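As the structure is a computational prediction, the values presented were derived from the model and not from experiment.
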Amino acid sequence: MARNVVISGGGTGIGLAAAEVFAGDGDRVLLLGRRIEVLEKARVAGALTYAADLAEPESVRGVARFVAEELGTVDVLIHSAGGAGQLEPRADSVDPLDLVAHDWTVNFRSNTLTAALLTEALRDRLAEPGGRVLFLSSIAAYRGSGSGAYAAAKAGLHPYAHDLARQLGPRGITVNVVAPGYVEDTGFFGGAIEEARRERLVGETSTGRAGMPGDVAATLHWLASPAAGHVTSQVIQVNGGAERGH
């Protein structure tokens, strides 16, 4: 039976890979993102698209109205929107504290607030039983991200997911987190990264290769399946063992 799947950040990278997997199953997919031109280029079979800034409550209200009109019930909600701020405007100050405030605010809004607002807007529309809420975190939540801002924003999803799992469990809804490591072909770094950095990231894995969007999409697909019906409040790491280090 076809399900309704809502994916934020569905126009690129992991979100797009997940959309293709679910659409390939015959599910009805709604792609959300800020850039309508990116969503339109996604070309996922039969997918609906809706452009919105998910860090803005009024924009999220618009998403909720669209979902109510077009889908009704949400079987799977995947939060893939986020990033480390490469697409955001630069701070309009060179003061060190202003730069810190800008970096942390941008990362919180992009990675944490977007997920919380969308979840709360759609939680009453989640299918029961059988609904699935899936968050995309990062290996950075365990190992840091350089400035700390991106890592902290992703780590903030973990306790939220655990709270939701307790709240939604009686309705037959599971809530889980997937934490990828280095994944290629996502645009996360804004372009190609230096080869030395790539070699270091791959060298940290036990599998000896970079992750691909399909690796994460397959994990999301399994967590959304009946086979994972008793898996909830978990953080699943998809990083080739890199979190454990060498």
Engineer: Search all heavy atoms of Thr114 against all heavy atoms of Ala55 and return the closest pair with its distance.
Structural biologist: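 Heavy atoms of Thr114 and Ala55 come nearest at CG2-N, 3.7 Å.
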Engineer: If we only count heavy atoms from C-beta on, is the Leu71 to Arg28 side-chain gap below 4.5 Å?
Structural biologist: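 In short, these two side chains touch, coming nearer than 4.5 Å.
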Engineer: For the backbone of Asn107 and the side chain of Asn111, can you confirm whether one donor and one acceptor N or O come within less than 3.5 Å of each other?
Structural biologist: yes
Engineer: How far apart are the closest heavy atoms of Leu117 and Val60, and which atoms are they?
Structural biologist: O-CG1, 3.6 Å
Engineer: Apply salt bridge (charged side-chain N to carboxylate O under 4.0 Å, His left out) to Arg200 and Glu195, showing your working.
Structural biologist: CA-CA 9 Å; Arg200 176 178 62 80; Glu195 185 58 29; over 6 Å; no
Engineer: List the atom of Asp98, the atom of Ser93, and the distance in Å for their closest heavy-atom pair.
Structural biologist: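 Where Asp98 meets Ser93 most closely, the heavy atoms are OD2-OG, 2.8 Å.
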Engineer: Go through the steps for Leu30 and Thr49 under the test side-chain contact (heavy atoms from CB on, under 4.5 Å), then give the verdict.
Structural biologist: CA-CA 6 Å; Leu30 169 60; Thr49 60; 5.6 Å; no
Engineer: Once you round to the nearest 0.5 Å, how far does OG1 of Thr73 lie from CG of Asp124?
Structural biologist: 11.5 Å
Engineer: Can Val38 be reached from Ile78 by stepping across I, L, V, M, F, W or Y side chains whose heavy atoms are under 4.5 Å apart?
Structural biologist: no
Engineer: Nearest heavy-atom pair of Leu136 and Pro180: which atoms, and what distance?
Structural biologist: CD1-CG, 3.7 Å
Engineer: Keeping to residues at least two apart or across chains, list the salt bridge (Lys or Arg N to Asp or Glu O under 4.0 Å) pairs with something in residues 154-181.
Structural biologist: Glu128-Arg171, Asp163-Arg166
Engineer: Any side-chain heavy atom of Leu164 within less than 4.5 Å of one from Gln167?
Structural biologist: yes
Engineer: Is Leu54 close to Val63 at the side-chain level, that is, under 4.5 Å between some pair of heavy atoms?
Structural biologist: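 Yes, their side chains come closer than 4.5 Å.
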Engineer: Indicate yes or no for a side-chain donor-acceptor contact from Arg125 to the backbone of Gly72 under 3.5 Å, with no hydrogens or angles considered.
Structural biologist: yes
Engineer: Can you get from Val21 to Met212 by hopping between Ile, Leu, Val, Met, Phe, Trp and Tyr side chains that sit under 4.5 Å apart?
Structural biologist: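 No; Met212 is not reachable from Val21 via cluster members.
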Engineer: Kindly compute the distance separating CG (Asn239) from CG (Leu201), expressed to the nearest 0.5 Å.
Structural biologist: 11.5 Å
Engineer: Sub-3.5 Å donor-acceptor pair from the side chain of Ser138 to the main-chain atoms of Ala141, do we have one?
Structural biologist: no
Engineer: Check whether any side-chain N or O of Ser110 sits under 3.5 Å from a backbone N or O of Gly82 as a donor-acceptor pair, and report yes or no.
Structural biologist: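 Such a contact is absent between Ser110 side chain and Gly82 backbone.
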Engineer: Salt bridge between Glu69 and Arg65, side-chain N to carboxylate O under 4.0 Å?
Structural biologist: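 Arg65 and Glu69: not salt-bridged.
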Engineer: Please lay out, stage by stage, how Glu70 and Tyr50 fare under the test side-chain contact (heavy atoms from CB on, under 4.5 Å).
Structural biologist: CA-CA 11 Å; Glu70 298 293 332; Tyr50 190 95; over 6 Å; no
Engineer: Indicate if Val5 and Val133 have the same hydrophobic cluster label, given that clusters are the connected sets of ILVMFWY residues with side-chain heavy-atom separations under 4.5 angstrom.
Structural biologist: no
Engineer: Quick one: CG on Asp215 to CZ on Arg209, what's the gap to the nearest 0.5 Å?
Structural biologist: 4.0 Å
Engineer: Is there a side-chain contact between Tyr142 and Val235 (heavy atoms, below 4.5 Å)?
Structural biologist: yes
Engineer: Donor-acceptor check, side chain of Arg3 to backbone of Gly131, threshold 3.5 angstrom: yes or no?
Structural biologist: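 Flag not set: sc Arg3 to bb Gly131 has no pair under 3.5 Å.
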Engineer: Let me check something: do Leu122 and Leu157 share a hydrophobic cluster, defined by ILVMFWY side-chain heavy atoms less than 4.5 Å apart, either directly or through other members?
Structural biologist: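 Yes, Leu122 connects to Leu157 through the hydrophobic network.
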Engineer: Once ring pair (Phe, Tyr, Trp, His ring centres under 6.0 Å) is applied, do any residues pair with Phe135, and if so which ones, sequence neighbours excluded?
Structural biologist: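 For Phe135, the residues satisfying ring pair (Phe, Tyr, Trp, His ring centres under 6.0 Å) (neighbours in sequence not counted) are His79, Tyr160.
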Engineer: With rounding to the nearest 0.5 Å, note down the distance linking OG in Ser206 to CZ in Arg244.
Structural biologist: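 Those atoms lie 10.0 Å apart.
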Engineer: Let's go through Leu118 and Leu32 carefully: what are the C-alpha distance in whole Å and the side-chain angles of both, what is the deciding distance for side-chain contact (heavy atoms from CB on, under 4.5 Å) to 0.1 Å, and is it a yes or a no?
Structural biologist: CA-CA 10 Å; Leu118 185 60; Leu32 304 176; 3.8 Å; yes
Engineer: Checking Leu134 against Leu77 for the side-chain contact (heavy atoms from CB on, under 4.5 Å) test, could you report, in this order, the C-alpha distance in whole Å, the side-chain angles of both residues, the deciding distance, and whether it holds?
Structural biologist: CA-CA 6 Å; Leu134 299 168; Leu77 175 57; over 6 Å; no
Engineer: Are the side chains of Tyr182 and Val202 in touch, meaning some heavy atoms are under 4.5 Å apart?
Structural biologist: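 They are in contact (side-chain heavy atoms under 4.5 Å apart), so the answer is yes.
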Engineer: Tell me, which pairs form a side-chain hydrogen bond (donor to acceptor under 3.5 Å, both in side chains) where one or both residues lie in residues 7-25, sequence neighbours left out?
Structural biologist: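 Sorted result for residues 7-25: Asp25-His221.
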Engineer: Using a cut-off of 6.0 Å, state whether more than 12 heavy atoms not belonging to Asp95 lie near its atom CG.
Structural biologist: yes
Engineer: Would you sort out whether Arg197 and Glu194 count as a salt bridge (charged side-chain N to carboxylate O under 4.0 Å, His left out), showing the intermediate values?
Structural biologist: CA-CA 5 Å; Arg197 184 181 184 188; Glu194 295 180 355; over 6 Å; no
Engineer: Heavy atoms only: give me the nearest Trp222-Ala227 pair and the separation to one decimal.
Structural biologist: NE1-CB, 3.8 Å
Engineer: State the OG-CG distance between Ser233 and Leu168, to the nearest 0.5 angstrom.
Structural biologist: 11.0 Å
Engineer: State, yes or no, whether a side-chain contact exists between Val76 and Arg132 at a heavy-atom distance under 4.5 Å.
Structural biologist: yes
Engineer: Is the closest side-chain heavy-atom distance between Ile173 and Pro129 below 4.5 Å?
Structural biologist: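 A side-chain contact is absent here, since even the closest heavy-atom pair is not under 4.5 Å.
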Engineer: State plainly whether one hydrophobic cluster holds both Val29 and Phe66, where clusters connect Ile, Leu, Val, Met, Phe, Trp and Tyr through side-chain heavy atoms under 4.5 angstrom apart.
Structural biologist: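 No, it is not one cluster - the side chains of Val29 and Phe66 are not joined through contacts under 4.5 Å.
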Engineer: Please tell me if the side chains of Val183 and Val216 come closer than 4.5 Å, counting only heavy atoms from C-beta onward.
Structural biologist: yes
Engineer: Any idea which heavy atoms bring Ile139 and Glu243 closest together, and the distance?
Structural biologist: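 Closest pair (atom of Ile139, atom of Glu243, distance): CD1-N, 3.6 Å.
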Engineer: Between Glu40 and Arg35, is a salt bridge (charged side-chain N to carboxylate O under 4.0 Å, His left out) present by the stated rule, with each step listed?
Structural biologist: CA-CA 9 Å; Glu40 290 175 344; Arg35 297 172 291 169; over 6 Å; no
Engineer: Could you check whether any side-chain N or O of Asp75 sits under 3.5 Å from a backbone N or O of Asn4, counting only pairs where one atom can act as donor and the other as acceptor?
Structural biologist: yes
Engineer: Roughly how far apart are Leu31 CG and Leu16 CG, rounded to 0.5 Å?
Structural biologist: 7.5 Å
